[in-house]
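As structure tokens, the structure follows; a few thoughts come after it.
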Amino acid sequence: MTEENTNPTHFIREAVAEDLASGRFEHIATRFPPEPNGYLHIGHARAIIIDFSIAQENGGFCNLRFDDTNPVKEEVEYVDAIKEDIKWLGYQWKNEFYASDYFDELYEYALQLIKAGKAYIDEQTPDEVRENRGTLKEPGTNSPYRDRPIEESLDLFERMKNGEYPDGSIVLRAKIDMASGNINMRDPIMYRILHEPAHHRTGNKWCIYPMYDFAHGQSDSIEGITHSLCSLEYESHRPLYDWFINELGIFPTRQIEFARLNLTYTVMSKRRLVRLVKEGYVKGWDDPRMPTLTAYRRRGYTPEAIRAFVEATGVAKKNSTADVGLLEHHIRQDLNIRAPRRMAVLDPLKVVITNYPEDKVEMLEAVNNPEDESAGTREIPFSRELYIERSDFMEDPPKKYFRLAPEREVRLRYGYFVTATDVVKNDAGEIVELHCEYDPETKGGYAPDGRKVRGTIHWVSAEEAVDAEVRIYDRLFTVPNPMSKEEGKDFIDYLNGDSLETKKRCKMEPSLKQARSGEKFQFERLGYFVVDPDTTNDKLIFNRTVTLRDNWARIEKQRAKEKMEENRRRKQEAKRKQKEAARKNN
RNA sequence: AGGGGCAUGGUGCAACGGUUAGCACACCGGCCUUUGAAGCCGUUGAUCUUGGUUCGAAUCCAGGUGCCCCUGCCA
């Protein structure tokens, strides 16, 4: 061990430790093997973290290997994005490899198996291959080409490589067992012909490509990977990988499978993510509503929070879906400690302090981060005209509402105690301005006479405020599991129409003028926010990462629910009475 | 005539034949508070089922039930 490991153990860590103890392996090596055909999402984070941390904890190494055995699906653009995301998460691979690096060796392995009578060229059509594979319940039937002479297969394979055959005409198959209960063992295809397009790394050198199943295990073996950690669906492929390793007599990697990480209120499959992007339901792979790592980065998530979240979900062989609330908990936890506090008003209501001098501007001291004394303090301007949050004033407040209301006194954070005196409305009856009086004795928010106020609200000075746009994000889907198989429903039907709200007239305290892309803040009483890369010199844009926990919102929600139930009860009662009356009349 | 895997509170994990079945999130209550935040304290709430082995079973065995994966020349 090179590193003190305080993380909870799990079956993979245990298995690796046992393999070291028993001498099955003398070193530990892992790999993270993405296919470069899409962006990494939070589900991949579990795989990345397991792969790299198992290696780290045991003084071994982890390679990055792109599984690029199918040129029709893979693109270079994804390679760089994937590398960036892994680095952002905080990991460094030892070697950057590609399955295509091993095309020569793989070809030699194929030759070796043909010569041993363990592989053959099949001339059946794709349809025939499928039909003869049998079904889940019935065994397959042998190909008529299965027992052709070795020399013939050798010759055909060579010509296949040389481009003498069109796509789909012939394939190389392993000769295993067409009656196996495990369909992967029914003479799986090893090589197929793909003349187009050119491979992103090997160009036109090859027109035959190994199947994933004939590439992955051997690639691990070539790299000396001791533990090939992968997701559950490869469990039934393990016997095949072991078969290849055994027949070829190469380094025996051990594969261990674990369950993928799923999250509520989102989708995680590449296919569906592509659809969200291509059909314009989101603005791109890095749209902060997406579950991709690049989107979380833009949304203001930190790698530390994502790692803590993934560790908290553990590792098991049971398919499960983590609550997105747990992810939110971890980003709050992280940002609470590190994010400087600022005041910002998202939905401004003008306030005039009628007894405050007209041209006076005072600088008041505010704490940057109560969780971190070293963050220091800053000064914020206070003047006669301010903005407060519209939701922080109510003309006719319900019980337990602690904020501003007519004749009620509250504290302006780091400012003064103020009392609402007048409400100014427009012709439509909407509140356009509030008049308040302040108590000059309460500067900084302290009352010398010791009197208390229930509420403390945030504010910004109108004159000095900086304008900004704030993008408010909500969950992308309206249901925890958009994949639930309700009849005739598509996951698209569960999209949340209100997942993005853009507030264009927000008012920020002046210190935010200098905020740079990627900088994170807590806007007091609102949540955590990050400067979006769309920000320019004259346009400040923030993304809301996550709200603060909000007890008041919960009380309101509960109240609304109670009201709804009350209404329903009343309606039912009315209906019942109506029926009764009708019966009496009859 | 299938093969493979999985089943512990609402969610996610732990308990490795002997614990009052533990932890985190959520929930609910309380304390504290110049953020209705954070922090602190506390309360609810779980071993899929039926048998078996054992002094003793969440744990081992068998049957049942339920869920997931496998019939791409995808990975």
Side-chain angles (χ1 to χ4, degrees), chain A residues 8-11 14 33-35 37 67-70 72-74 99 122 125-126 129-131 133-140 167-173 179-186 188-194 209 211-213 215-216 231-239 257 259 261 264 270 309 311-330 332-333 336-337 341 343 366-367 370-371 400-403 411-415 417 444-447 453-458 480 522-527 547-555:
Chain A
T9 188
H10 50 67
F11 73 99
E14 284 171 3
E35 183 188 16
N37 72 341
D67 267 323
D68 56 353
T69 54
N70 186 354
V72 329
K73 292 177 71 177
E74 291 132 13
D122 195 357
T125 65
V129 168
R130 187 174 351 103
E131 232 144 86
R133 186 152 31 220
T135 69
L136 292 179
K137 292 200 158 61
E138 284 150 23
D167 287 8
S169 54
I170 62 175
V171 289
L172 181 69
R173 291 233 248 170
S180 172
N182 182 349
I183 292 180
N184 296 303
M185 301 298 270
R186 317 237 262 233
I189 292 170
M190 295 160 60
Y191 266 94
R192 77 295 210 179
I193 304 170
L194 293 169
Y209 292 92
M211 297 288 289
Y212 173 86
D213 277 350
H216 193 83
S231 46
L232 253 27
E233 69 264 33
Y234 293 105
E235 217 151 17
S236 56
H237 294 245
R238 186 172 21 144
E257 310 84 8
L261 171 60
T264 54
K270 228 174 263 182
F309 162 70
E311 285 291 351
T313 62
V315 182
K317 295 193 72 142
K318 180 173 65 166
N319 286 314
S320 60
T321 304
D323 190 338
V324 70
L326 185 61
L327 212 211
E328 292 174 345
H329 167 260
H330 283 284
R332 285 190 186 108
Q333 193 108 87
N336 175 47
I337 292 164
R341 315 285 125 123
M343 290 206 282
V367 172
E371 306 289 329
K400 288 197 203 162
Y401 183 85
F402 304 149
R403 288 112 94 150
R411 169 167 38 233
L412 294 178
R413 179 145 232 233
Y414 301 125
F417 283 14
Y446 298 95
V453 286
R454 281 312 285 279
T456 299
I457 65 176
H458 61 277
Q522 182 197 99
F523 291 166
E524 297 221 15
R525 303 209 305 133
L526 297 176
T547 61
L548 253 26
R549 280 180 72 216
D550 187 349
N551 259 313
W552 173 245
R554 235 179 312 186
I555 292 171

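Protein chains get the first letters and strands the later ones, always in sequence-line order, with residue 1 at the start of each.
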Sidechain-backbone polar pair: Arg192(A) side chain, Gly168(A) backbone, donor-acceptor under 3.5 Å: no
Lys400(A), NZ atom: more than 12 neighbouring heavy atoms under 6.0 Å: no
P spacing across the pair U49(B) / U59(B), given as an integer number of angstrom: 11 Å
Complementary nucleotide for G51(B) - Watson-Crick or wobble, under 3.5 Å: C61(B)
Touch class at under 4.0 angstrom, heavy-atom based, for Val453(A) against every strand present: nothing
Gln333(A) vs G39(B): side-chain N/O to OP1/OP2 distance below 4.0 Å: yes
Phosphate-side-chain proximity, Asn551(A) and A37(B), N/O vs OP1/OP2 below 4.0 Å: yes
Between P of C70(B) and OH of Tyr212(A), the distance in whole Å: 14 Å
Phosphate OP1/OP2 of U33(B) contacted by Arg413(A) side-chain N/O (<4.0 Å): no
Residue-phosphate contact under 4.0 Å: Thr264(A) side-chain N/O, U11(B) OP1/OP2: no
Geometric class of the Tyr234(A)/Tyr212(A) ring pair [parallel <30°, tilted 30-60°, perpendicular >60°]: tilted
Sugar-phosphate only, base, or nothing, as touched by Pro370(A) at under 4.0 Å among non-hydrogen atoms: base
Any Arg554(A) side-chain nitrogen or oxygen under 4.0 Å from OP1 or OP2 of A26(B): no
Between A37(B) and C31(B) - C1' atom distance, rounded Å: 16 Å
Touch class at under 4.0 angstrom, heavy-atom based, for Leu232(A) against every strand present: nothing
Shortest side-chain distance from Glu235(A), nucleotide among G5(B), C70(B), G36(B): G5(B)
Integer-rounded Å distance: U35(B) P and Ile337(A) CD1: 18 Å
Interatomic distance at C1', G66(B) relative to G72(B), whole Å: 29 Å
Check: Thr547(A) main-chain N/O paired with Arg332(A) side-chain donor or acceptor under 3.5 Å: yes
Side chain to side chain, Val367(A) and Arg341(A), heavy atoms closer than 4.5 Å: no
Sugar-phosphate, base or nothing in reach of Arg130(A), heavy atoms under 4.0 Å: sugar-phosphate
Touch class at under 4.0 angstrom, heavy-atom based, for Tyr191(A) against every strand present: nothing
Watson-Crick or G-U counterpart of C6(B), or none if no pair lies under 3.5 Å: G66(B)
Lys317(A) side-chain N/O to G4(B) phosphate OP1/OP2 under 4.0 Å: no
Base paired to A1(B) (Watson-Crick or G-U; both N/O distances under 3.5 angstrom): none
Sugar-phosphate only, base, or nothing, as touched by Lys400(A) at under 4.0 Å among non-hydrogen atoms: base
Polar side-chain contact Glu138(A)-U71(B) base: donor and acceptor under 3.5 Å: no
Watson-Crick or G-U counterpart of U44(B), or none if no pair lies under 3.5 Å: none
Base of G4(B) paired with side chain of Arg238(A) (donor-acceptor, under 3.5 Å): no
Presence of Arg411(A) side-chain N/O under 4.0 Å of U35(B) phosphate oxygens OP1/OP2: no
Pairwise distance CD1(Ile337(A)) to CD(Glu371(A)) - rounded to 0.5 angstrom: 7.0 Å
Distance between C1' atoms of G36(B) and G45(B) (Å, rounded): 27 Å
Phosphate OP1/OP2 of A37(B) contacted by Arg332(A) side-chain N/O (<4.0 Å): no
Spacing of the C1' atoms in G12(B) and U53(B) (rounded, Å): 33 Å
Where the chi angle of G56(B) falls, syn if within 90° of 0 and anti if not: anti
Sugar-phosphate, base or nothing in reach of His216(A), heavy atoms under 4.0 Å: nothing
Sugar-phosphate, base or nothing in reach of Met211(A), heavy atoms under 4.0 Å: sugar-phosphate
Sugar-phosphate, base or nothing in reach of Ser180(A), heavy atoms under 4.0 Å: nothing
Spacing of CZ belonging to Arg549(A) relative to CZ belonging to Arg554(A), to within rounding of 0.5 Å: 5.0 Å
Neighbour count >12 (heavy atoms, 6.0 Å) for atom CD, Glu131(A): no
Other residues, nucleotides, ligands: >12 heavy atoms within 6.0 Å of Tyr446(A) OH: no
Touch class at under 4.0 angstrom, heavy-atom based, for Tyr414(A) against every strand present: base
Distance test, side-chain N/O of Arg549(A) to OP1/OP2 of A38(B), below 4.0 Å: yes
Presence of Arg186(A) side-chain N/O under 4.0 Å of C70(B) phosphate oxygens OP1/OP2: no
C1'-based separation of A46(B) from G52(B) [nearest Å]: 24 Å
P-based separation of U44(B) from A21(B) [nearest Å]: 14 Å
Quiz item: Glu233(A) side-chain donor-acceptor pair to C70(B) base, under 3.5 Å: no
Touch class at under 4.0 angstrom, heavy-atom based, for Thr135(A) against every strand present: base
G39(B): pairing nucleotide in any strand, Watson-Crick or G-U under 3.5 angstrom: C31(B)
His329(A) side-chain N/O to C25(B) phosphate OP1/OP2 under 4.0 Å: yes
Inter-nucleotide C1' distance (G2(B), G10(B)), Å rounded: 37 Å
Sugar-phosphate, base or nothing in reach of Glu257(A), heavy atoms under 4.0 Å: nothing
Sugar-phosphate, base or nothing in reach of Tyr401(A), heavy atoms under 4.0 Å: base
Nucleotide paired to C13(B) in any strand shown, Watson-Crick or G-U, under 3.5 Å: G22(B)
Phosphate OP1/OP2 of C13(B) contacted by Lys318(A) side-chain N/O (<4.0 Å): yes
